Amino acid sequence: MTAAEYAQTLQLKPVVPATATVSGGDSQRKWRHLLLKDFTFFYVSGELTYASQSTKKRMDYIHCRGGIVLPAYDPELVTHIIVDTANPDKPDAGVTLRTLGLKKLSDIPDHVPTVKWKWVNSAKLVPNGDRAGNFRIVEDGNGGHVTVRMDWEFMHSAFVARVHAGKGFKNTGGNEKDKGKGKPKAKTTAQRKEGENSEEEDNDSAEDISDISCACRLIGSVVGVRLIFVCSRNFTQDAPSPPPSAKETTPAVNQTKSVQSEREIPFISDPLGEFEALAKEEKKAEGFLCDAPNSNSLTSECPNQDIVDKLEELMELHRAKPTEEDKWRVYSYSKSIRKIRTYPHRITSYEEARNIPGVGDKTALKIKEILETGELRRIDIEYTEDLDVVHLFQGIYGVGQHIAYMWYSAGCRTLDDIRERKNGIKVSDVQEIGLKYYDDINTRMPRAEAGEIFTAIKRTAVSIDPHLYVEIMGSYRRGKATCGDIDILITRPTDDGNSHEGVLASLLSALQREGIIRENLSMPDFKDDPLEAVYRGLCVRPLREGEGHDTKRLVHILTVPYKSRGAALIYYTGDDIFNRSLRLKANKMGYSLNQRGLFAGVVRSTENKMIKTCDGHIIASETEQEIFRILGVPWQEPWERVRS
DNA sequence: TCGCAGAGCCA
DNA sequence: TGGCTC
DNA sequence: GCGA
Ligand SMILES: O=c1ccn([C@H]2C[C@H](O)[C@@H](COP(=O)(O)OP(=O)(O)OP(=O)(O)O)O2)c(=O)[nH]1
Ligand SMILES: [Mg+2]
């Protein structure tokens with residue numbers, strides 16, 4: 001949807017005062033919905049067609065702080081124009097004028113400042129009576145008032161030519177008066193209802209219910225319905241090495257020789273200098289998940305199993321939902337659940353739960369409820385009627401939260417509805433395949449079958465180039481008893497002057513000829529680097545005498561430059577939770593880790609996105625060990641990296 | 001109040 | 001760019 | 001939802 005459309009949907013949404021669950025002290029948050037009250041914005045994102053996620057996020061930001069975002073520029077109503085075009089440091093005047101439908105900057109009324117996003121950010125609640133700087137008094141709708149201070153507009157003026165606009169530039173006086181004058185005629189939003197500020201909040205039963213992820217309902221219907229059309233379109237040594245026993249329900253695994261074939265140099269030299277510095281970092285960061293393998297206690301009984309079950313159930317409900325909120329809730333629950341699962345004795349009180357790091361107020365309350373009633377009402381609340389269907393759809397490979405909700409709001413309820421393209425929904429090629437092999441794809445294979453398929457693929461690969469390094473990764477390398485797919489890493493030493501360029505393409509056609517590969521899900525793209533790409537497809541195990549079954553299995557092949565093999569091994573061995581933790585730790589230490597290597601000096605554009613301002617320089621990538629070492633993470637064998 | 005990992009491929 | 005997947 |  002366009003920015004204008006999004007702004008419109010926001011106007012329909014009530015501004016919920018963030019008071020629920022906030023106990024008295026947190027006034028910044030409690031009065032959040034007043035911070036931008038009485039301001040009416042027009043937001044220039046520079047986006048021609050659809051509003052990007054960051055635009056929506058910023059509109060939400062304004063909205064939940066009580067500001068109004070106009071869907072269309074109206075010089076009569078607007079109090080501020082926010083210029084937030086591509087480069088935050090260099091607002092684009094041309095784009096701005098085009099968006100406003102004006103010819104020159106001076107056509108904007110003088111009392112309407114053009115500010116950068118940063119200005120919006122500067123709103124802060126200050127104690128009543130604090131009259132420093134650019135403050136305003138805002139009525140709280142209850143007969144009281146609060147004081148909000150912001151930077152002066154000119155400090156964040158988007159255009160030099162207009163620094164004078166708004167107040168505060170020349171004479172820094174006259175706050176209160178301005179407030180009156182600058183006020184919008186604000187009938188726009190049907191004036192937020194008065195009474196609603198009053199919920200000074202109380203009992204803890206109201207607690208949970210306030211923060212419910214209702215957003216998804218809104219999005220589900222508002223966005224979803226509209227989208228139907230759119231969519232229609234030293235440590236190495238001393239690592240504690242308990243035998244790879246029980247962990248991930250592993251059969252005897254040790255024979256997985258593999259990794260040793262690439263002899264990774266232990267590299268114990270130069271112990272101290274950098275490590276000491278790093279070790280300190282480590283403790284201050286309060287322990288990363290990647291730092292220690294799961295304790296053996298996992299194998300024993302969990303005294304809090306009932307709690308774990310309920311929280312997991314709730315987490316899974318959130319996992320199916322489409323909003324960012326839900327996503328981070330899942331992240332959070334997964335951490336707290338992991339802690340609770342390894343907690344050595346029965347939790348008996350709110351306080352005890354609360355003392356577990358990762359368990360906050362909300363989760364502790366939920367635990368309390370489970371202890372007292374054996375139930376968790378929040379589960380019934382989040383278990384909305386759409387969930388079963390949406391969950392079914394999400395089982396289709398290539399269908400995630402958003403598509404599932406779109407289809408649901410388009411009226412689809414069964415897989416057959418999808419097959420029939422009921423109500424004109426669009427189904428991509430990949431989803432078509434996902435639909436066709438719904439059951440196969442959702443069935444994990446025995447470890448042995450993964451090994452069998454891998455052996456066949458490796459044989460073919462090596463026959464193309466005997467110098468190839470071909471390894472099976474993922475859950476197989478971690479020793480799991482069943483595998484969701486077959487993950488294969490391919491690279492090749494370059495010391496003889498050759499590389500694996502072109503190998504993947506040959507390999508794929510060979511495997512197709514052999515009848516091992518049956519469907520392609522995504523094809524490698526070598527445009528950036530001929531040595532680095534990804535393939536995904538469906539395969540079956542090599543033909544065997546008189547056996548008719550050919551369950552399709554997901555196969556995932558990754559090729560990387562030989563230099564990146566250490567980083568790639570880490571990435572592709574996982575598990576995913578381990579990786580995220582390791583990468584998080586790298587970040588906290590000022591590094592950045594990806595499947596290509598460990599980098600220093602990476603700078604990401606603050607508050608805009610995934611664009612790297614500075615690429616940084618690589619400091620390790622060839623062996624897993626050197627990366628672990630630099631990050632101060634004790635060496636862990638693949639089967640010790642299980643975190644989920 | 002903010003960040004929570006980082007990237008490849010498709011539409 | 002957004003959605004999905006690894 | 002949690003922690004810094
Ligand atoms: O979000 C993700 C997903 C995966 N990976 C890495 C770790 C993982 O181990 C590997 C392979 O992914 P896959 O989805 O195959 O997971 P798996 O660990 O192999 O488990 P499964 O048995 O379900 O395939 O890619 C990530 O870094 N992030
Ligand atoms: Mg796998």
Side-chain angles (χ1 to χ4, degrees), chain A residues 18 21 26 28-29 32 35 47-56 61 65 121 123-124 208 211 213 227 230-231 233 284-286 290 311 314-315 318 322 324-337 339 354 356-366 394 396-404 406 426-431 434 473-474 484-485 487 520-529 532-536 554 556-558 567-568 571-572 574-588 591-596 599 602 604 606-607 609-610 612:
Chain A
T21 81
D26 195 349
Q28 281 292 348
R29 173 147 177 198
R32 193 177 64 175
L35 285 177
E47 290 151 345
L48 300 173
T49 53
Y50 301 127
S52 69
Q53 281 173 161
S54 86
T55 298
K56 291 179 187 169
Y61 182 99
R65 281 163 182 72
N121 260 334
K124 297 244 170 354
D208 249 3
D211 264 354
S213 49
L227 282 190
V230 171
C231 167
R233 37 175 214 19
K284 135 169 143 208
E286 208 255 70
C290 59
L311 291 178
L314 182 56
M315 177 173 74
H318 282 294
E324 286 279 289
E325 257 189 323
D326 290 302
K327 172 175 150 185
W328 296 123
R329 263 192 269 245
V330 170
Y331 179 88
S332 187
Y333 281 134
S334 75
K335 291 192 127 183
S336 46
I337 289 172
K339 287 305 204 53
R354 193 54 241 266
I356 303 174
V359 177
D361 175 54
K362 308 284 196 64
T363 303
L365 282 172
K366 292 181 177 71
Q394 288 173 353
I396 302 171
Y397 189 92
V399 177
Q401 292 107 136
H402 290 91
I403 308 267
M406 284 195 309
K426 272 281 184 272
V427 179
S428 75
D429 295 354
V430 164
Q431 289 157 357
M473 310 291 296
D485 62 3
D487 301 296
N520 296 325
L521 293 168
S522 78
M523 297 303 287
D525 170 16
F526 295 98
K527 283 183 185 60
D528 283 352
D529 182 341
E532 186 182 343
V534 170
Y535 168 83
R536 292 178 311 178
L554 275 166
H556 183 219
I557 305 179
L558 184 69
Y571 158 67
Y572 217 16
D575 61 21
D576 51 348
I577 304 297
F578 178 87
N579 286 354
R580 291 171 68 172
S581 169
L582 196 66
R583 289 172 180 204
L584 183 63
K585 181 169 190 189
N587 279 346
K588 302 272 183 198
Y591 301 120
S592 174
L593 175 67
N594 61 24
Q595 65 272 38
R596 295 195 265 276
F599 297 80
V602 174
R604 301 191 108 90
T606 41
E607 187 56 69
K609 259 196 176 159
M610 315 160 77
K612 281 189 223 170

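Side chains included, hydrogens not; waters and symmetry mates left out as well; all remaining heavy atoms used. In what follows, every chain begins at residue 1, and chains take the letters A, B, ... in the order their sequences are listed. In this text, all values refer to a predicted model and were calculated from it rather than measured experimentally.
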How many whole angstroms separate atom [atom1] of [X] from atom [atom2] of [N]?
| X | N | atom1 | atom2 | answer |
| --- | --- | --- | --- | --- |
| A/Y535 | B/dC9 | OH | C1' | 13 Å |
| A/R329 | D/dG3 | CZ | P | 16 Å |
| A/Y572 | B/dG8 | OH | C1' | 12 Å |
| A/N579 | B/dA7 | CG | P | 13 Å |
| A/E532 | B/dA7 | CD | P | 10 Å |
| A/Q394 | C/dG3 | CD | P | 13 Å |
| A/K327 | B/dG3 | NZ | C1' | 11 Å |

A/S332 side-chain proximity, nearest of B/dG8, D/dG1, C/dG3: D/dG1
Listed nucleotide nearest any side-chain atom of A/R536, set C/dC6, C/dG3, B/dG6: C/dC6
Determine: side-chain N/O of [X] to OP1/OP2 of [N], distance under 4.0 Å, yes or no.
| X | N | value |
| --- | --- | --- |
| A/N587 | B/dG6 | yes |
| A/R596 | B/dG8 | yes |
| A/K366 | D/dG1 | yes |
| A/K335 | D/dC2 | no |
| A/Y397 | C/dC6 | yes |
| A/N594 | B/dA7 | yes |

By centroid distance (under 5.5 Å) and plane angle (under 30°), are A/W328 and D/dC2 in a stacked arrangement? no
Nearest nucleotide by nearest heavy atom, which residue falls closer to the 5' end of DNA chain B, A/Y331 or A/S522? A/Y331
Partner of A/K366 under side chain to side chain contact (heavy atoms under 4.5 Å, CB included), chosen from A/L314, A/D361, A/V359: A/L314
Taking all atoms of both residues into account, what is the closest heavy-atom pair of A/D326 and A/H318, and its distance? OD1-ND1, 2.8 Å
